[in-house]
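The next block holds one structure in the form of structure tokens; read it before the comments.
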Amino acid sequence: MTSSKSLFMRAKKIIPSGINSPVRYYPPYPFFVKKAKGSMMWDVDGNKYLDFCNAYGALLLGHLHQEIISDVKKQIEKGTLYCAPTEIEIKLSELVSKNLPSMEKTRLVNTGSEATMTAIRLARGFTKKKKIIKFEGCYHGAHDYVLVKAGSGAAHIGISVSEGSIDEVSRNTLVVQYNNIKELQDVLEKEKDVAAVIVEPVLANMGLILPEKDFLQNIRKLTSENDSLLIFDEVVTGFRMSTGGAQKYFGIKPDITTLGKALGNGFPIAAVGGKSQILDMLSPEGNVYQASTYAGNPISVSAGISSIQTMNTLRSKLYPKLEKNCKKLVSAIGDLASDMKIPHQINSISSMFQIFFTDNPVVDYTSAKKSDMKTFKKLFETLLKNEVFIAPSQFETVFLSYAHSDEDLNKTISAYEKALRTIKS
Ligand SMILES: *Cc1c(COP(=O)(O)O)cnc(C)c1O
């Protein structure tokens, strides 16, 4: 019989650790998916789950959103990859630029990692400077420029600098604390060779950590004053916090922006964009090289166009509903935990939240690391038993989708109640 257990044993023999991205593993073995639809996933063992991982935020509209699927099907009939330009690529970039006006020009890529890699190379090419500054716990993908004190799976496993990454590269990545503007100011005063500061405007890869008041504004100010570029990594926040991303939400104009995840609502597409002057540095006109066989492939591009059009059409319903649903979960879970006298913090904004088991506010990597991981593990396991799937790590975020119904939310609250009771006992 095919079970998750037997599939995992088989997978381990042929796929390192049995999974294709480290965050997908949790002990003793993860469930293997059979199918998904709307707010639900089904595994091969006959269980179903309400999905609150939502592909790490990518599925803003839920699994198999009908319009997107139907547009993609139409495109598939016309060919899947040309490696020659198409009109739909222009259309997608125009839509991106209309929604995020700071992205005057965009290059389409396939993953968030490619987008941040290109953003950083562009910043170095444009400023002729070498170093970059990132914040502790921010995750910008799995490449050497940014795998230093990264969040997400790297924080979960406890990898500060990945083995195999080159010291000459990682020592040019300076790391400062999130929400610590003084430290950033000090580093920028000392270091004259900083090409860019890259930041997740809302830190969604260390659990969820919100920018304190004026933190982002001050980063904008300091980067401008020091002739460094500001890169907003909106791979999570783009189209999730608003159709204009976190930059619209907070009213800040970065020099370069990266998008991914919700841009394709389940199809692999990402983008790097910003001021024309900067983006024009890209080859062949410029000398900053970037290329990809699958970049701008018509399937992902049609998914991107369909996603943005759907999100734009639904905008006045979509974002208020997500925010209302998120608040409902957060306040119910918070009340339950308080009633049971479980020390906790819940950070939340728009359609994202995370609970930390600690007495202290969670504002950065250090404070997030102090929360009780064993308790979080228990929470995850009990939620799973009660048909609620969240990302299996304290250093990830719970993501809502448009597909969650009121009934789904009520089920989720009672699953959290059971999980918190288990923790208490
Ligand atoms: C997921 C993520 C990335 C990397 O995107 P991939 O598509 O997984 O390469 C980059 N930045 C942020 C903020 C992310 O959450």
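When a ligand or atom number is given, it counts from 1 through the structure's own listing order.
- Between the side chains of Glu234 and Thr237, at least one donor N or O sits under 3.5 Å from an acceptor N or O.
- A salt bridge is absent between Lys91 and Glu87: the closest approach of a Lys/Arg side-chain nitrogen to an acidic carboxylate oxygen does not fall below 4.0 angstrom.
- For Phe215 and Phe135, the ring centers are positioned less than 6.0 Å apart.
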Take Leu7 and Ser4 through the side chain to side chain contact (heavy atoms under 4.5 Å, CB included) test and state the conclusion after the steps. CA-CA 5 Å; Leu7 287 177; Ser4 292; 5.7 Å; no
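- Residues passing the side chain to side chain donor-acceptor pair (under 3.5 Å) test with Glu191 are Lys131, sequence neighbours excluded.
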Starting from the N and O atoms of ligand 1, find every protein N or O within less than 3.5 Å and list the pair with its distance.
| unit_1 | atom_1 | unit_2 | atom_2 | d |
| --- | --- | --- | --- | --- |
| ligand 1 | 5 (O) | Gly112 | N | 3.4 |
| ligand 1 | 7 (O) | Gly112 | N | 2.9 |
| ligand 1 | 9 (O) | Gly112 | N | 3.3 |
| ligand 1 | 9 (O) | Ser113 | N | 2.8 |
| ligand 1 | 9 (O) | Ser113 | OG | 2.6 |
| ligand 1 | 11 (N) | Tyr139 | O | 3.2 |
| ligand 1 | 11 (N) | Asp233 | OD1 | 3.4 |
| ligand 1 | 11 (N) | Asp233 | OD2 | 2.6 |
| ligand 1 | 15 (O) | Asn205 | ND2 | 3.0 |
| ligand 1 | 15 (O) | Lys261 | NZ | 2.6 |

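- A salt bridge links Lys377 with Glu381: at least one charged nitrogen is closer than 4.0 Å to a carboxylate oxygen.
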